[in-house]
Amino acid sequence: MEPGEVSYNLILQQFGDDVLQKDSRAIDRGKLGSIVFNDSEKRQALNRCTHPYVRRRILYQLLGCYLKGYPMCVLDVPLLYESGMDRMCGKVVVVSCTGDRQTTRLMDRNGFSREEAEARIKSQMPIEEKERRAARVLDNNGGLAELEWQIDDLVEKWAPSLLRTWGALLAPVGIIASLPFARLSTLGLGTLCTCAAWVAGSLFIG
């Protein structure tokens with residue numbers, strides 16, 4: 001939503017200059033939120049202005065991480081399921097707490113009234129449905145130290161081995177290199193299939 005970005009221009013076309021801060025050309029997220037969170041049609045309009053470009057930016061960043069050889073990446077997305085971005089993820093973790101605690105935290109953090117906080121929560125998919133879809137649910141009803149312990153445990157269990165990491169990095173190279181030989185020999189076809197299977201396994205098998 002920074003000035004000059006595509007989403008910024010689309011938002012101004014859709015909602016006008018009333019959503020800008022008084023002393024600058026930056027978008028006032030509080031004003032914009034008060035407009036869209038009580039109107040599903042306007043909320044969908046905002047999503048159309050932002051989600052495609054957020055997904056594109058994320059894909060660019062993921063490609064960069066892949067080329068740098070990072071073994072895993074974390075996407076922190078508040079509307080992961082609602083925006084369909086869960087399809088970009090191998091596994092999904094939901095950080096969950098009770099409804100009352102979520103409301104109180106939102107009021108304390110953003111200075112919302114209870115009605116404003118509840119409107120924002122109700123605009124999202126119910127937390128119970130998110131928990132049902134997730135590969136892992138982290139309990140966030142306690143303190144920060146307890147949550148960090150759960151995250152450390154999760155990363156330790158999910159971090160891929162060095163062999164799997166390098167396999168995911170090198171297998172696409174093998175696919176490209178074997179393409180000219182796939183029709184000429186059984187060996188070339190076998191190499192292609194092996195590399196493709198390694199990529200699929202690296203990306204989708206838990």
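For clarity, every value in this text was computed on a predicted model and none was experimentally measured.
- For the side chain to side chain contact (heavy atoms under 4.5 Å, CB included) criterion with Val94, the lone passing option out of Leu138, Asn140, Ile127 is Ile127.
- Residues Val77 and Tyr81 share a single hydrophobic cluster, defined by chaining ILVMFWY side chains whose heavy atoms lie under 4.5 Å apart.
- Within a 6.0 Å sphere centred on CZ of Arg105, heavy atoms belonging to other residues, nucleotides or ligands number more than 12.
- A 6.0 Å sphere centred on CZ of Arg29 holds no more than 12 heavy atoms belonging to other residues, nucleotides or ligands.
- The cluster map of Ile, Leu, Val, Met, Phe, Trp and Tyr, joined by side-chain heavy atoms under 4.5 Å apart, puts Val155 and Val93 in the same cluster.
- Salt bridge Glu115/Arg120: absent, no basic N to carboxylate O contact under 4.0 Å.
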Residues Arg43, Glu82; criterion salt bridge (Lys or Arg N to Asp or Glu O under 4.0 Å); working and verdict: CA-CA 12 Å; Arg43 188 165 62 250; Glu82 293 88 340; over 6 Å; no

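- With hydrogens and angles ignored, the 3.5 Å screen pairs no side-chain donor or acceptor of Gln124 with any backbone N or O of Ile121.
- Between Cys89 atom SG and Leu80 atom CG the span is 5.0 Å, to the nearest 0.5 Å.
- Arg55 pairs by the side-chain contact (heavy atoms from CB on, under 4.5 Å) definition with His51, Pro52, Ser83, Met85, Met88, not counting sequence neighbours.
- With respect to the salt-bridge test (charged N to carboxylate O, under 4.0 angstrom), the residues Asp153 and Lys157 qualify.
- A side chain to side chain contact (heavy atoms under 4.5 Å, CB included) with Ile11 is found for exactly one of Val6, Leu20, Ile27, namely Ile27.
- Pairing each heavy atom of Pro3 with each of Arg25, the nearest pair is CG-O, 4.1 Å.
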Step by step, would you call Thr103 with Phe112 a side chain to side chain contact (heavy atoms under 4.5 Å, CB included)?
CA-CA 9 Å; Thr103 301; Phe112 292 150; over 6 Å; no

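- With hydrogens and angles ignored, the 3.5 Å screen pairs no side-chain donor or acceptor of Asp17 with any backbone N or O of Leu12.
- In the hydrophobic clustering of ILVMFWY residues, with side-chain heavy atoms under 4.5 Å counting as a link, Tyr53 and Met1 come out apart.
- Note that CG of Asp139 and OG1 of Thr98 are 9.0 Å apart. Values are rounded to the nearest 0.5 Å.
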### Message
Please evaluate residues Glu129 and Arg133 with respect to the criterion salt bridge (Lys or Arg N to Asp or Glu O under 4.0 Å), reporting the C-alpha separation (whole Å), side-chain torsions for both, the decisive distance (0.1 Å), and the verdict.
### Response
CA-CA 6 Å; Glu129 177 62 17; Arg133 298 188 184 191; 2.9 Å; yes

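- Residue Arg101 holds its CZ atom at 8.0 Å from OG1 of Thr104, rounded to the nearest 0.5 Å.
- Here SG of Cys97 is found 10.5 Å from CG of Leu147. Values are rounded to the nearest 0.5 Å.
- Residues Val92 and Val95 are members of separate hydrophobic clusters, defined by side-chain heavy-atom contacts under 4.5 angstrom among Ile, Leu, Val, Met, Phe, Trp and Tyr.
- Shortest non-hydrogen contact noted between Lys31 and Asp18 is CD-O, 3.4 Å.
- Of the possible polar contacts, none joining the Thr50 side chain to the Ser7 backbone as a donor-acceptor pair under 3.5 Å is found.
- Between Leu62 atom CG and Arg57 atom CZ the span is 13.0 Å, to the nearest 0.5 Å.
- What you find for Val137 and Ser96 is that their closest heavy atoms are CG1-CB, 3.9 Å.
- Although no hydrogens or angles enter the test, the distance criterion places a donor-acceptor pair under 3.5 Å between the side chain of Asp28 and the main chain of Gly30.
- For the pair Gly16 and Val19, the tightest heavy-atom approach, listed with the atom from each and the gap, is O-CG2, 3.3 Å.
- When all heavy atoms of Ala135 and Lys91 are compared, the pair lying nearest together is CB-CB, 4.3 Å.
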- Chi angles and distances behind the side chain to side chain contact (heavy atoms under 4.5 Å, CB included) call for Arg136, Leu154: CA-CA 9 Å; Arg136 177 80 176 267; Leu154 178 66; 3.2 Å; yes

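- Expressed to the nearest 0.5 Å, how far CD of Glu148 lies from CG of Asp152 amounts to 7.0 Å.
- A chain of hydrophobic side-chain contacts below 4.5 Å, direct or via other Ile, Leu, Val, Met, Phe, Trp or Tyr residues, connects Tyr8 to Phe15.
- Between Cys65 and Cys73, the shortest heavy-atom contact is CB-SG, 3.3 Å.
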